[in-house]
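Comments concern the structure below.
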Amino acid sequence: MRIDEQTLEKLEKLSHLRIAEEKRSEVLQQLTEILEYVESLNELDTEALDSYFSTLEGGTPMREDFPGNDPEVPKIILEHAPESRDDFFIVPAIIE
């Protein structure tokens, strides 16, 4: 499959991106190469593979999730802030 100029314009519109004129031919070529690679994956024989195949036996290992209560962490974070007061970050006003 080859990406043409019309398809590239649609992709630009959908992605809200603008591609510079001097880069258009390069982008067209790269997108065409990507599509050719993806199409070549269709040649793989996957009939013998299970759709739920995983390299991890027993699923994803989980760890216990528990909250930390180290009172020093907020102090350390605020020490690195450009400006803070009363346990809050001070930031410039953006609305007048």
Transitively linked via ILVMFWY side-chain contacts under 4.5 Å: Leu44 with Tyr37? yes

Is any side-chain heavy atom of Glu9 closer than 4.5 Å to one of Arg24? yes

Got Leu31 and Leu11 here, is their nearest side-chain heavy-atom distance under 4.5 Å? yes

Test side chain to side chain contact (heavy atoms under 4.5 Å, CB included) applied to Lys10 and Lys13, step by step: CA-CA 5 Å; Lys10 288 180 183 178; Lys13 186 176 181 181; 5.7 Å; no

List the atom pairs, donor and acceptor, that lie under 3.5 Å between side-chain atoms in residues 70-88 and the rest of the protein, sequence neighbours left out.
unit_1	atom_1	unit_2	atom_2	d
Asp70	OD1	Glu72	N	3.1
His80	ND1	Ile76	O	2.8

To the nearest 0.5 angstrom, please state how far the [atom1] atom of [X] sits from the [atom2] atom of [Y].
X     : Y     : atom1 : atom2 : result
Glu12 : Ile19 : CD    : CD1   : 4.5 Å
Ile34 : Gln29 : CD1   : CD    : 10.5 Å
Glu39 : Thr32 : CD    : OG1   : 10.0 Å

If the condition is salt bridge (charged side-chain N to carboxylate O under 4.0 Å, His left out), which residues does Asp65 pass it with, not counting sequence neighbours? Arg63

If you draw a 6.0 Å radius around CD in Gln6, do more than 12 non-hydrogen atoms from other residues or ligands fall strictly inside? no

Checking Glu47 now: which residues fulfil side chain to side chain contact (heavy atoms under 4.5 Å, CB included) with it, not counting sequence neighbours? Asp45

